[in-house]
Amino acid sequence: MIELHEFPAAFVWQRRVPNSDEINARMLASIKAEADEHKEDPKYSWSGNKKPTVVTSYSIQGAASIFESSDLDAVITDSYNEFVRSMGAKYNLASTYRVDTLWWNCYPPSTSAPFHNHGSVSISGVYIVEQNENCPLFFESRNNYALNPFDSGDILRIKAEAGTCILFPAALHHCVDETKDWRTTLSFNFTAVE
């Protein structure tokens with residue numbers, strides 16, 4: 001299943017990754033082992049002093065090394081290629097890319113991710129490895145130059161299940177509501193290259 005949601009100047013594209021149950025089982029085991037090993041290390045958490053905290057990795061080499069390359073290809077490479085095939089002409093996308101950053105996030109119950117963006121890379125993605133509840137992602141196309149102060153932009157709510165890969169412009173603001181159950185994701189940023 002492929003879906004496309006468009007803003008006036010942005011997009012949120014999603015795809016169900018084939019064989020995601022098997023991929024998720026392998027990825028989840030690796031992420032949970034790493035997260036458990038580093039849960040007390042402050043450089044792996046980003047919720048400050050408030051407990052519980054989200055445990056995350058930020059090293060592309062460290063994050064990539066715990067996954068099978070075929071799983072990363074199925075999630076990242078195949079999703080990007082499908083996106084380019086279906087939408088590349090509309091958005092003038094390159095057919096090749098370089099992954100700039102890759103990280104996992106392990107959200108215990110009662111944690112969240114505030115509105116943020118991923119900066120100046122081309123496209124960002126998130127792959128839902130584990131999510132046992134309806135914990136949607138929210139995307140906000142901000143209108144920073146609105147004539148009317150109430151015209152601040154559009155918000156899109158995406159209900160993403162485990163096994164879903166979502167691609168969006170890195171500058172598009174997004175957040176995750178507070179979780180009731182565990183939520184585990186793989187996130188990545190890449191820059192298209194000609």
Side-chain angles (χ1 to χ4, degrees), residues 1 3 5 12-39 43-47 52-69 71-80 82-83 99-119 121 123-140 156-170 172-190:
M1 171 188 80
E3 294 182 34
H5 307 275
V12 176
W13 182 89
Q14 65 188 73
R15 163 188 185 255
R16 176 77 179 195
V17 173
N19 303 315
S20 59
D21 290 341
E22 295 86 7
I23 292 169
N24 290 356
R26 289 187 294 270
M27 284 187 164
L28 189 58
S30 298
I31 291 171
K32 291 283 182 158
E34 286 279 311
D36 191 52
E37 182 180 333
H38 298 290
K39 67 183 175 187
K43 68 180 183 184
Y44 280 82
S45 63
W46 49 271
S47 291
T53 185
V54 177
V55 180
T56 189
S57 69
Y58 284 111
S59 162
I60 187 171
Q61 293 83 12
S65 68
I66 68 170
F67 303 118
E68 293 185 20
S69 60
D71 290 344
L72 292 176
D73 284 343
V75 170
I76 299 172
T77 305
D78 294 352
S79 293
Y80 185 84
E82 181 65 31
F83 174 65
V99 175
D100 290 318
T101 49
L102 172 73
W103 68 99
W104 49 258
N105 290 307
C106 208
Y107 296 79
S110 300
T111 56
S112 63
F115 266 111
H116 64 283
N117 66 48
H118 294 178
V121 294
I123 296 175
S124 291
V126 62
Y127 176 68
I128 312 299
V129 180
E130 172 190 39
Q131 183 166 279
N132 300 320
E133 63 173 310
N134 179 8
C135 185
L137 283 110
F138 292 90
F139 292 88
E140 181 182 30
L156 175 67
R157 179 181 186 266
I158 297 288
K159 180 185 173 190
E161 301 172 346
T164 303
C165 183
I166 302 165
L167 302 181
F168 52 94
L172 187 62
H173 281 77
H174 54 285
C175 73
V176 178
D177 266 355
E178 186 172 298
T179 60
K180 295 177 182 65
D181 202 345
W182 283 91
R183 181 176 190 271
T184 307
T185 61
L186 179 69
S187 296
F188 46 92
N189 294 324
F190 46 81

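In this text, all values refer to a predicted model and were calculated from it rather than measured experimentally.
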Is [X] reaching over with its side chain to a backbone N or O of [Y], donor-acceptor style, under 3.5 angstrom?
{"X": "Thr184", "Y": "Val129", "value": "no"}
{"X": "Thr185", "Y": "Tyr127", "value": "no"}
{"X": "Gln14", "Y": "Thr164", "value": "no"}
{"X": "Ser57", "Y": "Tyr44", "value": "no"}

Quick one: pull up [atom1] in [X] and [atom2] in [Y] and give me the separation to the nearest 0.5 Å.
{"X": "His118", "Y": "Leu172", "atom1": "NE2", "atom2": "CG", "value": "10.0 Å"}
{"X": "Trp182", "Y": "Leu28", "atom1": "CH2", "atom2": "CG", "value": "10.0 Å"}
{"X": "Asp71", "Y": "Glu22", "atom1": "CG", "atom2": "CD", "value": "9.5 Å"}
{"X": "Lys32", "Y": "Trp104", "atom1": "NZ", "atom2": "CH2", "value": "10.0 Å"}
{"X": "Ile166", "Y": "Ile158", "atom1": "CD1", "atom2": "CD1", "value": "6.0 Å"}
{"X": "Ile76", "Y": "Phe188", "atom1": "CD1", "atom2": "CZ", "value": "5.0 Å"}

What are the two closest heavy atoms between [X] and [Y], and how far apart are they?
{"X": "Phe190", "Y": "Val99", "result": "CB-CA, 3.8 Å"}
{"X": "Ala113", "Y": "Tyr107", "result": "CB-OH, 3.6 Å"}
{"X": "Val17", "Y": "Cys165", "result": "CG2-CB, 3.9 Å"}
{"X": "Pro18", "Y": "Ile23", "result": "O-CD1, 3.8 Å"}
{"X": "Ala162", "Y": "Gln131", "result": "CB-N, 4.2 Å"}
{"X": "Ile128", "Y": "Ala160", "result": "CG1-CB, 3.9 Å"}

### Set of residues satisfying side-chain hydrogen bond (donor to acceptor under 3.5 Å, both in side chains) with respect to Asp78, sequence neighbours excluded
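side-chain hydrogen bond (donor to acceptor under 3.5 Å, both in side chains) check on Asp78 returns nothing, list empty.
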### Message
If the condition is side-chain hydrogen bond (donor to acceptor under 3.5 Å, both in side chains), which residues does Glu3 pass it with, not counting sequence neighbours?
### Response
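So Glu3 forms a side-chain hydrogen bond (donor to acceptor under 3.5 Å, both in side chains) with His5.
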### From Thr101, Asn117, Asn189, residue fulfilling side chain to side chain donor-acceptor pair (under 3.5 Å) relative to Ser124
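The single option meeting the side chain to side chain donor-acceptor pair (under 3.5 Å) with Ser124 is Asn189.
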#### Entry: Within-4.5 Å side-chain heavy-atom neighbours: Glu82 and Trp13
yes
### Query
Any side-chain donor paired with an acceptor under 3.5 Å for Asn105 and Thr56?
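A pair is found: one side chain offers a donor N or O, the other an acceptor, under 3.5 Å apart.
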### Message
Side chains of His174 and His116 only: does a donor on one sit below 3.5 Å from an acceptor on the other?
### Response
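Present: a donor and an acceptor within the cut-off.
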### Query
Taking only residues two or more places apart in sequence, or in another chain, which ones meet Phe67 in a ring pair (Phe, Tyr, Trp, His ring centres under 6.0 Å)?
none
### Message
Test side chain to side chain contact (heavy atoms under 4.5 Å, CB included) on Ser112 and Asp177; report intermediate values, then the result.
### Response
CA-CA 5 Å; Ser112 63; Asp177 266 355; 5.9 Å; no
